[in-house]
Amino acid sequence: MTVRELIKDLEYEVVCGNIDREISTLVNDNRKLEKDCVFVCIEGANFDGHVAVYDAIDEMAAAVIVMKDVDVPLNSETAVVKVKDTRAALALTSAAYFSYPTREIKVIGITGTKGKTTTTYLIKSILENAGYKVGLIGTIETIIGDEHIPSKNTTPESYILQETFRKMVDSGIDICVMEASSQGFLMKRTLGTEFEIGIFTNLEPDHIGPNEHESFENYLECKGMLFKQCKLGILNADDEHVDDILKGHTCEVLKYGMSEEADYKAENIELYSEKGTLGIAFDVCGRINTRVEIDMPGKFSLYNALTAVAVCAHLGILEDNIKTALKSAKVKGRIEMVNVSDEFTLMIDYAHNAMALESLLTTLKEYEGGRLVCVFGCGGNRARSRRFEMGEVSGRLADLTIITSDNPRFEEPLDIIADIVTGIEKTDGEYIKIPDRKDAIKYAIENGQKGDIIVLAGKGHEDYQEIQGKKYPMDERVLIAEVLEELNNI
């Protein structure tokens, strides 16, 4: 491949040099420079790639792609290609470099404030039940066949993203389900990706701040970009922002929800609780008519399941495959129920801020029975306000809060717990403090009563605890198993 072939999708100016030179690789990290590479100069928060142009020339790079004026030696053989936006250039050249993999695989992108992770796994479960080979890219991990790669970003950098798509194609994967984050759109990571289906779950004020989105309007605009990149959009008809999300869309549109305009409508909703499991059942009416059950609690689980039904029904998946897969689906760390007793329910969830915790606990209170017990801590070296807020939420909604440790990082766990207590004491909520997380879990299980719902909040899929800069192995599923063994041996 030549430089000219690599940049053919860009609007560019050749400042100097020969763009018909063959290239060895494409890089955006100055530590990976090599002879005949193309170096894309990205301006980041801590480092500006433009300062490494001379390093690229010294390494005899075939070309550098820049968006600022740079000085180069008159005798340089490295071409300088100027574009308006090097992040966009990296995404488009990455797609070209890996031979446009999303033209060979169906990509389903899911955007929204909540529900992305769970919905990707539900769709994956249904499609696999129907015989498809499915890859996944998301907050927890990337899955390519039997390979599970822990995630650094919800939506990876564009080069990594296109490389991942190419690996999926070469592995024989038919469909990729991915979380498409607002940051991914803001940073142009998804340019060059051809989405078969785009999904919108919901929108709430989140990720607004100096290091993320400058305003709610910008957040909304970034979410809406998906529907200018996909062939079909499937959106939540019940979300108040759905029309704003669709402004300027270029795709066909279907909707799901409970409103009359929904193409896939949920009716006759029923909560159920049986042998330590909470779930929800409902009829899907409209373009498909069937009744489904999912062993995950609450209204948000209904929306996640309904989204998955809509996507898979559109792809022609049979009702039996949909119903079977939904009933058995599990998502690590997302309202993940762990069976410890037929008398009460124990679940693990990633809720680690006040908004997520309030949504979770409010949902669980709809299941009448015993007490609602919330076990949680807060991360160190993060905003103290989160601790006050989460304490107040748990104190107001839970019957008992067990305050414990999360990732204390460089703070003292007892100092973090004291801040949570400050929040909880604004309520009449009952609480106890057990700093060791395993001991807290043991107390909750040992004192579980008939009908109780016990939530271990904050850690979710994480399998470590970070203390003084070091990550120690700690998986709540392992802790639960150890506790059960200890209790059985008493």
Side-chain angles (χ1 to χ4, degrees), residues 114-126 128-129 201-202 236 238 256-258 264-285 288-313 317 319-351 356-374 397-398 448-457 460-461 476-477 480:
K114 295 186 294 189
K116 297 188 297 297
T117 299
T118 299
T119 304
T120 56
Y121 281 90
L122 294 182
I123 293 171
K124 183 176 186 290
S125 178
I126 295 171
E128 287 178 337
N129 191 269
T201 60
N202 51 65
N236 181 354
D238 301 341
Y256 65 92
M258 299 183 205
Y264 296 89
K265 185 179 179 184
E267 295 183 342
N268 302 319
I269 299 158
E270 178 187 2
L271 304 178
Y272 63 82
S273 174
E274 52 189 33
K275 292 187 176 180
T277 296
L278 307 178
I280 191 164
F282 59 95
D283 292 332
V284 184
C285 306
I288 183 175
N289 294 283
T290 190
R291 187 162 183 82
V292 298
E293 294 183 357
I294 181 167
D295 287 347
M296 295 181 184
K299 191 175 179 181
F300 50 73
S301 295
L302 180 153
Y303 277 104
N304 294 338
L306 187 58
T307 310
V309 171
V311 170
C312 295
I317 307 303
E319 288 181 25
D320 283 349
N321 293 124
I322 292 173
K323 293 166 75 165
T324 300
L326 278 182
K327 182 64 176 172
S328 60
K330 272 194 172 186
V331 183
K332 187 176 182 180
R334 296 318 196 262
I335 44 177
E336 175 190 355
M337 274 166 280
V338 182
N339 187 262
V340 299
S341 170
D342 289 346
E343 296 292 306
F344 58 86
T345 301
L346 175 70
M347 68 179 66
I348 298 170
D349 192 81
Y350 190 52
L357 189 64
E358 178 150 16
S359 175
L360 175 64
L361 297 182
T362 300
T363 291
L364 295 177
K365 284 184 77 70
E366 296 176 4
Y367 289 81
E368 297 178 359
R371 303 171 303 163
L372 178 55
V373 179
C374 182
L397 295 173
Q449 301 173 13
K450 184 176 176 62
D452 280 356
I453 300 172
I454 302 170
V455 183
L456 311 183
H461 60 276
E476 289 189 316
R477 294 146 205 82
I480 291 167

Peer 1: Is the backbone N or O of K114 less than 3.5 Å from a side-chain atom of T201, with the two atoms forming a donor-acceptor pair by type?
Peer 2: yes

Peer 1: Closest approach of V292 and V284, non-hydrogen atoms and distance?
Peer 2: CG2-CG2, 4.3 Å

Peer 1: Nearest 0.5 Å, please: how far is CG in N289 from CG in D283?
Peer 2: 8.5 Å

Peer 1: For the pair I269 and L302, evaluate side chain to side chain contact (heavy atoms under 4.5 Å, CB included) and give the outcome as yes or no after the intermediate values.
Peer 2: CA-CA 9 Å; I269 299 158; L302 180 153; 3.5 Å; yes

Peer 1: Quick one: ring-ring contact (aromatic ring centres under 6.0 Å, His included) partners of Y350, sequence neighbours excluded?
Peer 2: H352, H461

Peer 1: Kindly say whether T324 contributes a backbone atom to a donor-acceptor pair with the side chain of S328 at under 3.5 angstrom?
Peer 2: yes

Peer 1: Less than 4.5 Å apart, side chain to side chain, heavy atoms only: is that true for E476 and V338?
Peer 2: no

Peer 1: What heavy-atom pair brings G460 and R477 nearest, and what distance separates the two atoms?
Peer 2: O-NH2, 2.8 Å

Peer 1: What heavy-atom pair brings A281 and E293 nearest, and what distance separates the two atoms?
Peer 2: CB-CG, 3.6 Å

Peer 1: Look up atom NZ in K124 and atom CG in N129, then write down how far apart they are to the nearest 0.5 Å.
Peer 2: 12.0 Å

Peer 1: May I ask you to check whether N202 and N236 show a side-chain donor-acceptor distance below 3.5 Å?
Peer 2: no

Peer 1: In the structure I gave you, are the side-chain heavy atoms of Y264 and I288 within less than 4.5 Å of one another anywhere?
Peer 2: yes

Peer 1: Would a distance-only check, ignoring hydrogens and angles, find a side-chain to backbone donor-acceptor pair under 3.5 Å from T120 to T117?
Peer 2: yes

Peer 1: Check K323 with E319, please: is the shortest side-chain N to carboxylate O separation under 4.0 Å?
Peer 2: no

Peer 1: Could you walk me through whether D342 and K275 satisfy the salt bridge (charged side-chain N to carboxylate O under 4.0 Å, His left out) test, starting with their C-alpha distance in whole Å, then the side-chain angles of each, then the deciding distance to 0.1 Å, before giving a yes or no?
Peer 2: CA-CA 4 Å; D342 289 346; K275 292 187 176 180; 5.3 Å; no

Peer 1: Can you check whether I453 reaches L346 side chain to side chain, under 4.5 Å on heavy atoms?
Peer 2: no

Peer 1: Tell me, with the steps shown, if I123 and C312 meet side chain to side chain contact (heavy atoms under 4.5 Å, CB included).
Peer 2: CA-CA 7 Å; I123 293 171; C312 295; 4.2 Å; yes

Peer 1: Between the side chain of K365 and the main-chain N/O of L397, is any donor-acceptor distance below 3.5 Å?
Peer 2: yes

Peer 1: Judged by atom type as modelled, is there a donor-acceptor pair below 3.5 Å linking the side chain of T307 to the main-chain atoms of Y303?
Peer 2: yes

Peer 1: Check for a donor-acceptor pair, side chain of R371 on one end and backbone N or O of K450 on the other, with a separation under 3.5 Å.
Peer 2: no

Peer 1: Tell me whether the count of non-hydrogen atoms from other residues, nucleotides or ligands lying under 6.0 Å of NZ in K332 goes above 12.
Peer 2: yes

Peer 1: Work out which heavy atom in L306 is nearest to a heavy atom in G257; give both atom names and the distance.
Peer 2: CD2-N, 3.4 Å

Peer 1: State the CD1-CD1 distance between I126 and I322, to the nearest 0.5 angstrom.
Peer 2: 5.5 Å

Peer 1: Closest heavy-atom contact between I335 and S301?
Peer 2: CD1-OG, 3.1 Å

Peer 1: Measuring from E274:CD to T345:OG1, what's the distance to the nearest 0.5 Å?
Peer 2: 10.0 Å

Peer 1: So, taking the atom named NZ in K330 and the one named CD1 in I294, what distance separates them when rounded to the nearest 0.5 Å?
Peer 2: 12.5 Å

Peer 1: Is there a donor-acceptor contact under 3.5 Å from the side chain of D238 to the main chain of M258?
Peer 2: yes

Peer 1: Looking just at side-chain N and O atoms, do D295 and Y272 make a donor-acceptor pair shorter than 3.5 Å?
Peer 2: yes

Peer 1: Tell me, with the steps shown, if L278 and M337 meet side chain to side chain contact (heavy atoms under 4.5 Å, CB included).
Peer 2: CA-CA 8 Å; L278 307 178; M337 274 166 280; 4.2 Å; yes

Peer 1: Applying side chain to side chain contact (heavy atoms under 4.5 Å, CB included) to Y367 and L271, what does each step give before you reach the verdict?
Peer 2: CA-CA 7 Å; Y367 289 81; L271 304 178; 3.4 Å; yes

Peer 1: How far does CD of E128 sit from OH of Y121, to the nearest 0.5 angstrom?
Peer 2: 11.0 Å

Peer 1: Any side-chain heavy atom of L364 sitting closer than 4.5 Å to one from P297?
Peer 2: yes

Peer 1: Can you tell me if D349 uses its side chain to pair, donor with acceptor, with the backbone of R334 under 3.5 Å?
Peer 2: no

Peer 1: When you check the gap from the basic side-chain N to the acidic O, do R291 and E270 get nearer than 4.0 Å?
Peer 2: yes

Peer 1: Is a side-chain donor or acceptor of D452 paired with a backbone partner of G448 at a separation under 3.5 angstrom?
Peer 2: no

Peer 1: Answer yes or no: is there a side-chain heavy-atom contact under 4.5 Å between I480 and V340?
Peer 2: yes

Peer 1: G298 and I280: which non-hydrogen atoms are nearest, and at how many Å?
Peer 2: O-CD1, 3.6 Å

